[in-house]
Amino acid sequence: MEPDLSSSSPHSSLFTSLLLAGRRIRPLTQIHARIIISTLHPNRSLLTKLLTLIISSGFPLYARRLLPSVPSPDTFLFDSLIRASSRSTLPLHSLHFYLLMLSSSLRPSNYTFTSLLKACADLSASNLGRILHLHVLAAGFDLDRFVQTSLVVFYAKVGNLVVARKVFDRMPERSVVVWNAMISGYEQNGRAGAAIKLFYLMQEEGMEPDEATLAILLSACSQVGEFGLGKWIHEHYIHGKNSRLGVVLGSSLVNMYARCGHVEKAREVFEGLDEHNVVSWTAMIAGYGMHGFAEQAMELFKRMQLYGPSPNLVTFVAVLSACAHGGMVEQGREAFESMKFDYGLIPRAEHHVCMVDLYGRAGLLAEAMKFIRDQITGEPGAAVWTALLGACKMHKDFNRAAEISTKLLALEPENPSHYVLLSNIHALAGKMDTVEEIRDVMISRGWRKQTGYSLIEINNVSYIFRMGDTSNPQTVEIYQYLEELICRIREAGYEPMTDSVLHELEEEEREVAVRFHSEKLALAFGLLSTGEGTLIRIVKNLRICGDCHLAIKFISGVTGREIIVRDKHRFHHFRDGLCSCQDYW
DNA sequence: CACAAACCAC
């Protein structure tokens, strides 16, 4: 008898049950039982659907046991299993199905490779993906647009931007999706400038950006503080197109405004959204947190708990770090307990780091140690020790610092930033011989310190300053004005903090006096170029140094200007001689 | 016959 697919057939009723069951393992096992006891011939497409759903519900091993019962397996069966695995929480199983597919002498299709490459991308399985690239070539799918796009995504995700770009450049036709993949690849790997440059190329080639392009670009703007472009995207593409602002772009905008220093504008966009989800709430809370506005962050978090969606792990990173930066120890502790007991979330390493930071910044170093002992199962990660070491530096607890740095260097002996931190601590302790030793080690390993720069935007034009910079046409005036400012703040009580700062290897070259640090130059230029009362915004790529922080506090006092500096970690709002970070950073 | 690639918060 021909299989009857009309609504009365038993196969069809099983199919309907499968669709109803969805990705829930219990109803799926019941359907499996019905198939076994029914007198029907096993039906391949029915079993394909069943196995796919079983994998999607997280039981790939169950599916593997069932697989031999599928009659005359075909490419579509394996493609479905590979695809379901690649999107599951256990993407590695897709490789197992691929090997079974090959050993069944079935030819892979272009669909096979898109899923496999996605699995490799998500697993950061760089070698495996490269081998699969060879399989793509051997199977003759290297000209398939979908496969090429997957290759771009894969190479970008594992950080091999050169090869990703090579595949991208060789594509005869590029969809908006592959443009987005390549731009996103740069952005994800910290190459925001390259991402923005590729977007300009995309425009030149007449390719229209879509929502995803804009979301990626807004992230790139956030990363480097390119407020001009971010604002232009908002006005030109989002506002200008008169389309309603969805929650995805809305969250990107909230993040962009906050990370470019416009936290009130971020709030305005947030309030204007028709729809809020956990991402938009989290973006706004994180925005307040990074500016040191812990009260506003906590107020919003309370509102979210009352009227918004359930906070997730990322929300708690934002909440805990806001508490840490605002010195709100008790509220942070409560939030951490609430996360576990009210929301059933299991804290991860990043939450532990926030808690250590919370106690550490507040000077409760013993409490931080106790937290590590009691709350962290297994060996704490390097990030936890880094946070604690930072706290030791802040509170000048050199004995504890020595103990912790031993653990840290044992865990990650090849991380240059640990050596920078250690060198700074020894400099603070006045152990200049050790500072020299550490510096020699860094030089011998060929570790180069990042050079610092500061960006300032005036009348929609960005200006960049490096230490001791003389490239600006107004250099003479800038340096003169800076000297004058320093005289004025010295009269107000400022004392340069040269000794410790000169040894901060991460900061600008120590050969150059602290007074020519890039943020001071940018600030002097900003004050000269703008009128009385204008807010000054500066973006710095590294952390602001202690001396610049002190000097800018005084400058905000003597000039009556409000100054916002974004450094590598957070924002500093200087006003009337004080900073929003409360000297905690 | 069907199935594919990019997209916001730390």
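Computed from heavy atoms alone, side chains included, the values below leave out hydrogens, waters and symmetry copies. Here is how names work: the chains are called A, B, and so on, in the same order as the sequence lines, proteins then strands, and each is numbered from 1.
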Query - nucleotides 1-6 of chain B: protein proximity per nucleotide (B base, S sugar-phosphate only, - neither; heavy atom, under 4.0 Å) - result: -BBBBB
Query raised in the report: Base, sugar-phosphate, or nothing for A/V152, non-hydrogen atoms under 4.0 angstrom?
Result: nothing
Requested in this report: Quick one: label A/A318 by what it contacts on the DNA or RNA (base, sugar-phosphate, nothing), any heavy atom closer than 4.0 Å.
Outcome: nothing
Could you tell me the separation between the [atom1] atom of [X] and the [atom2] atom of [N], rounded to a whole number of Å?
X      : N      : atom1 : atom2 : answer
A/F301 : B/dC10 : CZ    : C1'   : 14 Å
A/L345 : B/dC10 : CG    : P     : 17 Å
A/L217 : B/dC8  : CG    : P     : 12 Å
A/E350 : B/dA9  : CD    : P     : 14 Å
A/Q188 : B/dC10 : CD    : P     : 11 Å
A/M182 : B/dC7  : CE    : P     : 13 Å
A/F270 : B/dA9  : CZ    : P     : 15 Å
A/L253 : B/dA9  : CG    : P     : 12 Å

Query - A/Y237 ring center within less than 6.0 Å of A/W232 ring center - result: yes
Residues which pass side-chain contact (heavy atoms from CB on, under 4.5 Å) with [X], listed by chain and number, not counting sequence neighbours:
X      : result
A/A212 : A/N180, A/D210
A/A195 : A/I183, A/Y186, A/E187, A/A220
A/S104 : A/F78, A/L106

Query raised in the report: Looking at A/R303 and A/E299, does any basic side-chain N land under 4.0 Å from a carboxylate oxygen?
Result: no
Query raised in the report: Which pairs pass side chain to side chain donor-acceptor pair (under 3.5 Å) with one or both residues in residues 136-154 of chain A, sequence neighbours excluded?
Result: A/N110-A/D144
**Report entry** A/S251 (side chain) and B/dC8 (base): donor-acceptor pair under 3.5 Å
**Finding:** yes
Query - Pair listing, salt bridge (charged side-chain N to carboxylate O under 4.0 Å, His left out) test, anchored in residues 337-346 of chain A, at least two apart - result: A/E337-A/K340
